[in-house]
Amino acid sequence: MSAQPPESTEKTALLGGNEQGQPPVYSQPAPPPSNDPDSQKLPQMVPGTTATTVVVTQPVVTHPVVLRDFPVFIVDSQGRQVQTVLEYRTGTKTHLFCFLMFLIGMLVFWPALCFCWLPYILDSAKDVYHINPIDGSVVGVYKRM
């Protein structure tokens, strides 16, 4: 059997290996920390030094409650979660609808005068007051206009 001649050093150097034909050595990344409780011990204190405790607090993010024409859950001043009670009251939109129907009745269609009172009985034309059922305080108002 005939032995093959060794590869030239130029070809080995171009491929990143060493002269013996070994592949190049790459450094490995550090292994991730293990979940073993013994490996997570605190480092030992050097005598004569003091320990510093760093407390990191996360900010509390509160989302605003969007008031619409349906009940919402809120947290009241005592920390209780309650559902608001709705109360409908006349507002700007109610009066504008009444005035608009009056104008239509006077200028265009006179039987519309009979329906000027309609916005005062329809909840969809009134402002919505959200009320805390425990203490009766007004939580907020959803104004139609």
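For clarity, every value in this text was computed on a predicted model and none was experimentally measured.
With sequence neighbours excluded, the residues satisfying side chain to side chain donor-acceptor pair (under 3.5 Å) with Arg89 are Glu87.
If you take CG on Asp135 and CZ on Arg80, they are separated by 7.5 Å, rounding to the nearest 0.5 Å. The CG atom of Asp69 sits 13.5 Å away from atom NZ of Lys126, with the distance rounded to the nearest 0.5 Å. Here the CG-NZ distance, from Asp127 to Lys143, works out to 4.5 Å after rounding to the nearest 0.5 Å. Going from atom CG of Asn132 over to atom CD of Gln78 covers 8.0 Å, rounded to the nearest 0.5 Å. Note that OG1 of Thr84 is 7.0 Å distant from CG of Leu67, once rounded to the nearest 0.5 Å.
Contact check for Arg144 versus Thr92: no side-chain heavy atoms found under the 4.5 Å cut-off.
Residues Val75 and Ile134 fall into different hydrophobic clusters, defined by Ile, Leu, Val, Met, Phe, Trp and Tyr side chains chained together at heavy-atom separations under 4.5 Å. Placement of Val72 and Val82 within a single hydrophobic cluster is found when ILVMFWY residues are connected by side-chain heavy-atom separations under 4.5 Å, directly or transitively.
For residues 121-145, no residue pair satisfies the ring pair (Phe, Tyr, Trp, His ring centres under 6.0 Å) rule, not counting sequence neighbours. For residues 64-113, the ring pair (Phe, Tyr, Trp, His ring centres under 6.0 Å) pairs, not counting sequence neighbours, are His95-Tyr120.
Closest approach of Cys98 to Pro119, counting heavy atoms only: N-CG, 3.7 Å.
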